[in-house]
Undergrad: 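Have a look at the structure that comes next, please.
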Amino acid sequence: MKQTMIWMLLSASVMTMTGCSADDPYSDYYNNWGNNWGDNETPTQNNSGSSTTTGELTTFTVNIDKTTAEPTSTVSAYLPDEEDALENNSFTTEVAIDLSNPTAKTENGVEITVNGGHITANHGSTKNICYIVSGTTTNGSLTVVGDKKYELILNGANITNPDSAALNLLSGKRAYIVLADGTSNTLTDGTGGNQKGALYCKGKLLFNGSGQLSVVGNTNNGIHSADYIVFNKGNNIYVSSSANHGIKANDGVFINGGIINVEVSAAAAKGINCESNIIVNGGRTTVLTTGNGTYDSTDKEAKGAAGIKADSTFTINAGELWLKSTGSGGKGINVDMEANFNGGNVYVVTEGGQYKSNNDTSSPKGIKADGNINISGGTIWVRTSGYNGEGIETKSNLNITGGQVACYAYDDAINSKNDMTITGGYVYAQGQHNDGLDANGNMYIKGGLVYAICSGTPEVAIDANTEGGKKLYLTGGTIVAVGGLESGSSLSQSCYQTSSWTKDTWYTLTYDGNTFSFKTPSSSGSGLVVSAASTPTLTSGTTVSGGSSIFGGIGNMGGTASGGSSVSLSSYTSGSGMGGWPGGWR
């Protein structure tokens, strides 16, 4: 979005020419003012127009799901070290621990001490130890220490510790946690201690087995490893925290499979928080965050919650992510470095508005990265409905070479601080109160299919930073832009326009033997621009059968279109200025 002082002075007169919805697009924001803003400051809203639509992208939900089978699609498991694989180890010396009837003993080189319901197991330098833990305690804990890696089988173990961690793994060596098949296990801490998690592990934490585990954190995190955490196929793990993060790791989180559900409610809490890399290679991970933003007086910045937060890189190659953040300033995925989407399915919803405190803000984002965002495969759906919520944003470059990306956002749908390059894939970007695609550097569209929609003047469907000497360079691909293109663009591939379009109507673009059918929004900016590798034709009011549904049901590739009426198309040049000022001045 580019807005100037002149525009602010003349906006009222220009608004009368746009044909945009006359409804107040910000009423929901002001009605929820208390949830979105801090310090009793009045928000400033400069956006104009409103763009709305229908389809599954506007209605899909994110809910905790412990029962549906995990997705079968995976890639090879990622393990930082071959030793992390349980099958590459042999834990043959078994030591049974009954939480219901704890007994002090020395067995097979392991010393078990008991203090009420609190049990400490010390295997020292003894190798190949396998602890088998069962039973229930409502006022106890299990602590494991030792100088060697070990296996710990949870075989119907239920631990509640009102004072500290329920399971305290203080050995710095690898801990292989096995959830015994067909069992249910629970770990719950209290509010009386200073523990880092209801389940705390000083070393590498490696989950195996297909049993169920529920972890409830009331003082700090649910699960915390001072090293890295690996989840594997078959795991069924639920984690909640009312005080801090759900799952916290210092050196990495690697999800190779399993069903993982996380709920957190604290201010600015993260569902999965890692100070290093996060890699998703399979399984189904669902995260719900409900906490509002807060001001961090140590870091001196406003912060919001996030479903996933990686201080280094984030990568998904397979599996499913379902993320929802309802509090102010909340995000789905927040990455400090590079984010890579190579496969799998990602579904993100944010509902909170912008959080502001001490003259600093945390804005809601579906996916946000400080480094590059690279999308080469998979499916990404993002919906943001709170004030100032952007769909996908990078503080660097954004590169789309494949996959399906669909964003329906309150603000810009897809935004890059630097260049944005699209060479393949399917891209849908609708900004309810702003641009569809917005590059603050150059915008390069070289291939793929792009369906972009803006809110109306002065925004455009596809925007580049002309004011900063940048341009939109269109050299290939298929384009449908409701609201036009950035004026001053370099259009090596011919573009065509129609000055008006019908709301909530199926159109079919035919080019070089291909068909792309799309449903128009129920409100948006005026004018429609199309472009393809060969001269296209456009038909309005079509009925579409067959083909492949994309973008949540408002797009169709390769379908058979029948009926409708031909739309007259005229040549469109970079000076047309359809979405901005007459004559291309913006």
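The figures here come from the full heavy-atom set of this structure, side chains too, leaving out hydrogens, waters and symmetry mates.
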Undergrad: Is it true that E275 and K248 have a side-chain N and a carboxylate O under 4.0 angstrom from each other?
TA: yes

Undergrad: Do you see a donor-acceptor pair shorter than 3.5 Å between the side chains of Q404 and Y428?
TA: no

Undergrad: Going by salt bridge (Lys or Arg N to Asp or Glu O under 4.0 Å), E393 matches just one of K417, K365, K331. Which one?
TA: K365

Undergrad: Establish, from distance only, whether the side-chain atoms of N277 and T313 form a donor-acceptor pair under 3.5 Å.
TA: yes

Undergrad: Taking all atoms of both residues into account, what is the closest heavy-atom pair of S312 and V335, and its distance?
TA: O-CG1, 3.2 Å

Undergrad: Please confirm whether the backbone N or O of G436 pairs with a side-chain atom of N434, one donor and one acceptor, at under 3.5 Å?
TA: no

Undergrad: What distance do D147 atom CG and K127 atom NZ have between them, rounded to the nearest 0.5 Å?
TA: 11.5 Å

Undergrad: CD1 of I278 to CD1 of I247: how many Å apart, nearest 0.5 Å?
TA: 9.5 Å

Undergrad: If you take all heavy atoms of D189 and A165, which pair is closest and at what distance?
TA: CB-CA, 4.3 Å

Undergrad: Look at the aromatic rings of Y131 and Y150 and report parallel, tilted or perpendicular, splitting at 30° and 60°.
TA: perpendicular

Undergrad: Hey, could you give me the NZ/OG distance between K196 and S225, rounded to the nearest 0.5 Å?
TA: 10.5 Å

Undergrad: Check whether any side-chain N or O of K105 sits under 3.5 Å from a backbone N or O of T113 as a donor-acceptor pair, and report yes or no.
TA: no

Undergrad: Identify the heavy atoms of A439 and N418 that sit nearest to each other, and give their distance.
TA: CB-O, 4.0 Å

Undergrad: From T74 OG1 over to N256 CG, what is the distance, rounded to the nearest 0.5 angstrom?
TA: 8.5 Å

Undergrad: Give a yes-or-no answer on whether the side chains of N372 and S396 include a donor-acceptor pair shorter than 3.5 Å.
TA: yes

Undergrad: Could you tell me whether the side chain of H245 reaches within less than 4.5 Å of the side chain of K309, counting heavy atoms only?
TA: no

Undergrad: Look at the rings of W381 and Y347 and say which category their plane angle falls in: under 30° parallel, 30 to 60° tilted, over 60° perpendicular.
TA: perpendicular

Undergrad: Side chain to side chain contact (heavy atoms under 4.5 Å, CB included) for V75 and N342? Distances and angles first, verdict last.
TA: CA-CA 11 Å; V75 296; N342 302 321; over 6 Å; no

Undergrad: Just by distance, with hydrogens left out, do T93 and N128 show a side-chain donor and acceptor under 3.5 Å apart?
TA: no

Undergrad: Calculate, to the nearest 0.5 Å, the distance between atoms OG and NE2 belonging to S171 and H123 respectively.
TA: 4.5 Å

Undergrad: Is the backbone of G234 close enough, under 3.5 Å, to the side chain of E70 for a donor and an acceptor to pair up by distance?
TA: yes

Undergrad: Hey, is the main chain of Y355 close enough, under 3.5 Å, to the side chain of S328 for a donor-acceptor pair?
TA: no

Undergrad: Do any N or O atoms from the side chain of T126 and from the backbone of G109 form a donor-acceptor pair under 3.5 angstrom?
TA: yes

Undergrad: Testing the basics here: between I153 and A180, what is the closest heavy-atom pair and its distance to 0.1 Å?
TA: CG2-CB, 4.1 Å

Undergrad: Please find the pair of heavy atoms, one from F551 and one from L57, that lie closest to each other, and give the distance.
TA: O-CB, 4.4 Å

Undergrad: How about S325 and T289: does a side-chain donor come under 3.5 Å of a side-chain acceptor?
TA: yes

Undergrad: Distance only, no hydrogens: is a donor on one side chain within 3.5 Å (strictly under) of an acceptor on the other, for N185 and T183?
TA: yes

Undergrad: Would you find a donor on one side and an acceptor on the other, under 3.5 Å apart, between the side chain of D336 and the backbone of A369?
TA: no

Undergrad: Test your reading of the model: is there a side-chain donor-acceptor pair from N399 to the backbone of N374, 3.5 Å cut-off?
TA: no

Undergrad: Classify the side-chain pair S134/N155 by whether it contains a donor and acceptor separated by less than 3.5 Å.
TA: no

Undergrad: Using distance alone, with no hydrogens and no angle criterion, decide if Y228 and D84 have a side-chain donor and acceptor under 3.5 Å apart.
TA: yes

Undergrad: Are there over 12 heavy-atom neighbours, none belonging to K149, within less than 6.0 Å of that residue's NZ?
TA: yes

Undergrad: Would a distance-only check, ignoring hydrogens and angles, find a side-chain to backbone donor-acceptor pair under 3.5 Å from D65 to T68?
TA: yes

Undergrad: For G371, does its backbone N or O pair with a side-chain atom of T394 as donor and acceptor, under 3.5 Å?
TA: yes

Undergrad: Look at atom CG of N88 and say whether more than 12 heavy atoms of other residues, nucleotides or ligands are closer to it than 6.0 Å.
TA: yes

Undergrad: Could you grab the distance from atom CZ of F207 to atom CD1 of I255, nearest 0.5 Å is fine?
TA: 11.5 Å

Undergrad: Spell out, as yes or no, whether a donor-acceptor pair under 3.5 Å connects the side chain of D412 to the backbone of E390.
TA: no

Undergrad: How close do S276 and G252 get, counting heavy atoms only, and between which atoms?
TA: CB-N, 3.8 Å

Undergrad: Taking only Lys NZ, Arg NE, NH1 and NH2, and the carboxylate oxygens of Asp or Glu, determine whether K395 and D370 approach each other closer than 4.0 Å.
TA: no

